[in-house]
There are 2 protein chains.
Amino acid sequence: MSPSPRASRRTVGITEVARHAGVSPGTVSNVLNRPERVAEATRRKVEAAIAELDYVRNSSGSSLRSGRSGSVGLLVLDVTNPFFTEVARGVEDEAAESGLAVVLLNSAEQRERQRRNLRLLAEQRAAGTVVMPVDDDLSDLVWLSRQGTPWVALDRGDVSEEVGCSVSVDNHAGGLAAGRHLIGLGHERITFLTGPFTIEQVRQRHRGLLDACAEADLDPDETVRVVQQPQLNAAQGERAVDAVLAGGPRQRPQAVFCANDQLALGLMKGLGQRGVRVPEDISIVGYDNVDFADLVHPGLTSVAQPKYELGRSAMRLLGSELDDPGHRHERVWFTPELVVRGSTAARRT
Amino acid sequence: MSPSPRASRRTVGITEVARHAGVSPGTVSNVLNRPERVAEATRRKVEAAIAELDYVRNSSGSSLRSGRSGSVGLLVLDVTNPFFTEVARGVEDEAAESGLAVVLLNSAEQRERQRRNLRLLAEQRAAGTVVMPVDDDLSDLVWLSRQGTPWVALDRGDVSEEVGCSVSVDNHAGGLAAGRHLIGLGHERITFLTGPFTIEQVRQRHRGLLDACAEADLDPDETVRVVQQPQLNAAQGERAVDAVLAGGPRQRPQAVFCANDQLALGLMKGLGQRGVRVPEDISIVGYDNVDFADLVHPGLTSVAQPKYELGRSAMRLLGSELDDPGHRHERVWFTPELVVRGSTAARRT
DNA sequence: GATGATTATTGACACGTTTCAATCCGGGTG
DNA sequence: CACCCGGATTGAAACGTGTCAATAATCATC
């Protein structure tokens, strides 16, 4: 990257480098891609020429010829969500070790944008992609496979090995852990604050909570009430406060399990404005353990997902699919972990 | 994207589409790129063939031939920071309107990674890029220009029009607004909690604060104390609490202006653990107005940057540079706005 | 119906790289 | 000295697309 005197000369190609080094284009290509095959002396000549001319390879040419590009996609549900950014770090680190570049794409929770992005990956002949699908309909992903671009699904348990690889966290176990924790603290009226049940993860977390009740010989129907909001964000959590408190102090839940930290944080804010104290009056558990969970007061008890590891192992899986032609699809499960902070406490009556 | 019966046939190219439609490859290319030049009837035939064969264009081929690719980069300082994700939304929306794809790259605040990513963009012959430079050294960006890839710097005021376009927020005005607010509330001992002064933005915010003092006939040296941490994150904010409170209640600041919301939130947590009340004992102002600023209790008063608009106008600038060959570099400034919440209150003595 | 003016379409080439069979070279072996 | 072997290098042929001058088709005009 040293200042080149020949700024006028556009298109410094492999051929010009070759001429400059007194060597054939093929050799330059070898220096670039399989340096071990070329003799020490010529390699040095070529490298000198590359530096001299400030040559940078044209990846269009190379991936056109070789049929594959050296970058992988990471198609994320929502760049705004801190959960995904941690995952991204994991993917990037692992990809870097394989010499692959990561391009991050955002579907913003919209099916149509996911579609557009998958198409883009196909057009670019991406080596592969890690993807968090917007919903259960995987047909566009199947299409992508047929186009020759392999993928690994992230955070979706319901991908069969027939279709593709997947990495996910056991949402049922997460709901179970949250439920056990609350029940262990003596709570018997628990509200599940959630988004749409069309989201698979949400259903699993709910089921985990119900099973925790059954385990403790509590009737799930009497113990758990569901408050449903259209989206999983903080504003909706705040708005839900009336529905959560409905029925007056007698009926009011002793604890709320939120499908999401954002919901939980919004709810906590709403409760604070109503003068309801956490955890004295109501215990709260969130899900995801975002960084901010530790910054609010009281700290938010939350079910933590191994975000970084999730991304890392998804990319690892993709890598192995790329290397090994006789690859069989795999399914990797992670177990979430409850992080207890100040927002949950024993029932007081 | 309809299920294709001919999954075996790899490499469905423009030529095969042409044959299938009984037309020449050039015509297919025209249908794809300048549909207006081709007659209605033939266009329909070609489109039918495309659908039938499930053809997807190979962008390597196209950008190899045309010398430019249809995607722009967005090189971000840290994907983890919510500030940047908002910016990203703005960039994406604007790019979508120009039919450009955005690839998001992350330099993770590391000069070396920034360098690698810029190189990647050059290799891909990206149409252009929006970049938030990691530091004042713009030489790698100059190199990128020489390679023929234009860029727009974001959030850096110190880019001269000689070198490139830039979009930034007036950090001095932000510091000034924060200072005026605190001084207006009667505070006369103010701590500036910050990261390294090597960051241009931080210096400007500091200077704004000092100028607010001068304006109010307060001696800046006596009024403002600086507490400096190695990084601008929440953990550092929490760790700074001792330094901030040093000197006992007499010397203790009446207000703290933090260079960053993360620092502010960390500090608030630390203060809460020490039993110091916000805003009764100490007022706090943050910077960036991240979403979470509204979720903590009390809400964090913060200097808001027009994040989305920032990204959007950077991309707009880049777009105009791409379209207009006789383009002159431009410098766009935004003004930040103070959002007052519960963390600041009038001095009590 | 011939002519010229438009509009549609065609063909062939070039973009920069990788690949692979063919060639070259130097040295060890019989 | 002829032979061969293996490693280093070469040359030419693709890869899939866009471009553009050249040709073909269409149409309006006289």
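Labels below follow one simple rule: chain letters A, B, ... track the order of the sequence lines, proteins then strands, and each chain is numbered from 1. All heavy atoms count here, side chains included; hydrogens, waters and symmetry mates do not.
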Within this structure, what is the [atom1]-to-[atom2] distance between [X] and [N], rounded to whole angstrom?
X	N	atom1	atom2	answer
A/Ile50	C/dG16	CD1	C1'	14 Å
A/Asn58	C/dT18	CG	C1'	13 Å
A/Glu36	D/dT9	CD	C1'	15 Å
A/Glu16	C/dC15	CD	C1'	15 Å
A/Ile14	D/dT10	CD1	C1'	13 Å
B/Leu64	D/dC15	CG	P	14 Å
B/Arg43	C/dT7	CZ	P	17 Å
A/Gln124	D/dG16	CD	C1'	15 Å

Is [X] salt-bridged to [Y], going by a charged N under 4.0 Å from an acidic O?
X	Y	answer
B/Arg316	B/Glu97	no
A/Arg89	A/Glu92	no
A/Arg44	A/Glu40	yes
A/Asp140	A/Arg119	no

Any [X] side-chain N or O less than 4.0 Å from OP1/OP2 of [N]:
X	N	answer
B/Asn33	D/dG18	yes
B/Thr27	C/dT10	yes
B/Arg34	D/dT19	yes
B/Arg57	D/dG18	yes
B/Ser62	D/dT17	no
B/Ser60	D/dG16	no
A/Asn30	C/dT18	no
A/Ser66	C/dT17	no

I'd like to know if A/Arg65 reaches the base of C/dT17 with its side chain such that a donor and an acceptor end up less than 3.5 angstrom apart.
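Result: no qualifying N/O pair found.
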For B/Arg125 and for B/Arg37, locate the closest nucleotide of DNA chain C by heavy-atom distance; then report the residue assigned to the nucleotide nearer the 5' terminus.
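Upstream on the strand: B/Arg37.
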If you assign each of A/Leu32 and B/Val38 to its closest nucleotide in DNA chain C, which residue comes earlier from the 5' end?
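On the 5' side of the pair lies B/Val38.
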Can you tell me which residue among B/Arg111, B/Glu109, B/Glu200 is in a side-chain contact (heavy atoms from CB on, under 4.5 Å) with B/Asp135?
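Of the listed options, the one satisfying the test is B/Arg111.
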Do you know which two heavy atoms are closest between A/Asp136 and A/Thr198, and how far apart they sit?
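In this case the closest contact between A/Asp136 and A/Thr198 is OD2-O, 4.3 Å.
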What is the nucleic acid contact for [X], judged by heavy atoms within less than 4.0 Å: base, sugar-phosphate only, or nothing?
X	answer
B/Val23	sugar-phosphate
B/Ser59	nothing
A/Ser63	nothing

Among C/dT10, D/dT17, D/dA8, which is the nearest nucleotide to the side chain of B/Ser24?
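Shortest atom-to-atom distance from the side chain points to C/dT10.
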Which one, C/dT17, D/dT17, C/dT9, comes nearest to the side chain of A/Tyr55?
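Among the listed nucleotides, the one closest to the side chain of A/Tyr55 is C/dT17.
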